[in-house]
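Let me begin by presenting the structure, written as C-alpha cells, before commenting on it.
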Amino acid sequence: MEIINRRQRMSSVARKIRRERDKTIGLVPTMGALHEGHLSLVREARRMCEIVIVSVFVNPTQFGPGEDFEKYPRNLTKDTSLLTDYNVDYIFAPTPEEIYSKGYATYVNVEGLSEQLEGGSRPGHFKGVATVVTILLNTIRPDFAFFGQKDAQQALIIRRLVKDLAFDTEIVILPTVREDSGLAISSRNLYLTPEEQASAAVIHQALTRAKTAYKEGERSAGRLEILVRSTIELEPRARVDYVTVVDAETLEHLDRLDERPILIAVAAYIGKTRLIDNTILNKRKETGQLKLG
Ligand code: AMP
C-alpha cells in the first residue's frame, strides 16, 4: 500500500492504472478516523474493484464557522494500519493546500437538494462537499465511488452531481452500519461520553418508532415528525435540531404520505455533539439504492 499526499502523483498513478494496467478503480472518500461504517464501504470496494483507493481528507470547505474543523479527530497512523488489513492499494491523504491551492476560486453547487435539512442547518456545507467530491473524481477518475446511506442527503447530492456533470463514475450507496444499541456509527461518536453514547441510541429508537407507526397506517408527515421529536426529547441529554419527513428522491416536503420512498431525517444534539441519522420507508427493491430521474 502506498500513501500519496500529492494531487499530481495521485492523478498520474490513477492514469497509469487505467491506461497501462486496464484495471477497475474503486474510490472510498472519507474524512478519516475510520470506523466500521467506513470499513463496510472499503470491503464492498475491495469486492467490486481491482484497485481500491481510500481518500482521507478533512475538507475545510464543508465546515462552517464555529464548527468542529479544528478538533475533528485525525489519526492517519491508525487509519493506515486498518486499511493495510483491508488490502487497500492506495491512501490519498492530501493537505488542504494541496487541494485548494493559492487563488482557488471554483465551487460546485447542486441546486435544489442542498438548501434544506443539513444544508439548512449548515449553510454552504454541501457546496464544500460537492466541490471536494468533484476534485477527487477528476483527480482519480474511478469506475466506482462508495458512499454511506448514513449521509442520505449527501448521497442524493452526489448522485445528482455525477449525473449532471457527466462523470464516468458509478455511485454505490451502502447501508448505515450501527452499534448494537442502534446508534449509527460516526467519527463524531468519539466526542460522546459513555453516558452520552447510551443516550444517543434514542435517535434510532425514535426512527424505529416512526417506521412502525407508518407500517401500522400512520400517513401524516406532521404526526410522524412529532413522534420522532417527542421520543428524542424524552431523553434529557438530547436536543432536536430538525426532524423532517420528505420525498426520499427530491427532498420535497410532504403532508400526506403515500407508497413512494420517504426519508425521515434527523439531526440532534447529544450534549454538545451534533449527530445525524435517517431511515427510508418504502425503499426501492431493485437495487436498495435511491434513484434519480
Ligand atoms: P465521513 O468520513 O464521515 O465523511 O464519511 C465517509 C463516508 O463514510 C461517507 O460516504 C459516509 O456516508 C460513510 N459513513 C459514515 N458513517 C457510516 C456508517 N455508520 N455506515 C455507513 N456508512 C457510513
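In each ligand, atom 1 is the first atom listed, and ligand 1 is the first ligand listed. Being a predicted model, the structure only gives us computed values, none of them experimental.
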Minimum-distance protein heavy atom relative to [atom]:
{"atom": "atom 15 (C) of ligand 1", "result": "H35 CE1, 3.9 Å"}
{"atom": "atom 1 (P) of ligand 1", "result": "H38 NE2, 3.6 Å"}
{"atom": "atom 4 (O) of ligand 1", "result": "M31 CG, 3.5 Å"}
{"atom": "atom 19 (N) of ligand 1", "result": "I185 O, 2.8 Å"}
{"atom": "atom 20 (N) of ligand 1", "result": "V177 N, 2.8 Å"}

The side chain to side chain donor-acceptor pair (under 3.5 Å) partner of Y242 among Q116, E118, R229 is E118
Could you walk me through whether H38 and V54 pass the side-chain contact (heavy atoms from CB on, under 4.5 Å) test, one step at a time?
CA-CA 10 Å; H38 300 117; V54 176; over 6 Å; no
Taking only Lys NZ, Arg NE, NH1 and NH2, and the carboxylate oxygens of Asp or Glu, determine whether [X] and [Y] approach each other closer than 4.0 Å.
{"X": "E2", "Y": "R9", "answer": "yes"}
{"X": "D277", "Y": "R178", "answer": "yes"}
{"X": "R160", "Y": "E111", "answer": "no"}

Other members of the hydrophobic cluster containing V58, with the 4.5 Å side-chain heavy-atom rule, please.
M31, F63, F69, Y72, Y191
Looking only at heavy atoms, is any part of L174 under 4.0 Å from ligand 1, and if so is it the side chain, the backbone, or both, or is it neither?
neither
Ligand 1-proximal atoms of R178, by part, heavy-atom distance under 4.0 Å:
neither
Option with minimal heavy-atom separation from [atom], where the choices are [options]:
{"atom": "atom 7 (C) of ligand 1", "options": "P29, S187, A155", "result": "P29"}
{"atom": "atom 11 (C) of ligand 1", "options": "T176, D151, V42, T30", "result": "D151"}
{"atom": "atom 10 (O) of ligand 1", "options": "G148, A184, G37, A145", "result": "G148"}

Name the one of D151, L117, V266 that satisfies side chain to side chain contact (heavy atoms under 4.5 Å, CB included) with I276?
D151
Quick note on ligand 1: atoms under 4.0 Å from a heavy atom of Q154 include exactly 9 (C), 10 (O)
Taking only heavy atoms of P175 into account, list the atoms of ligand 1 that are under 4.0 Å away from them.
20 (N), 21 (C)
Apply salt bridge (Lys or Arg N to Asp or Glu O under 4.0 Å) to the pair E249 and R284, showing each step before the final yes or no.
CA-CA 11 Å; E249 287 159 4; R284 287 194 192 278; 2.8 Å; yes
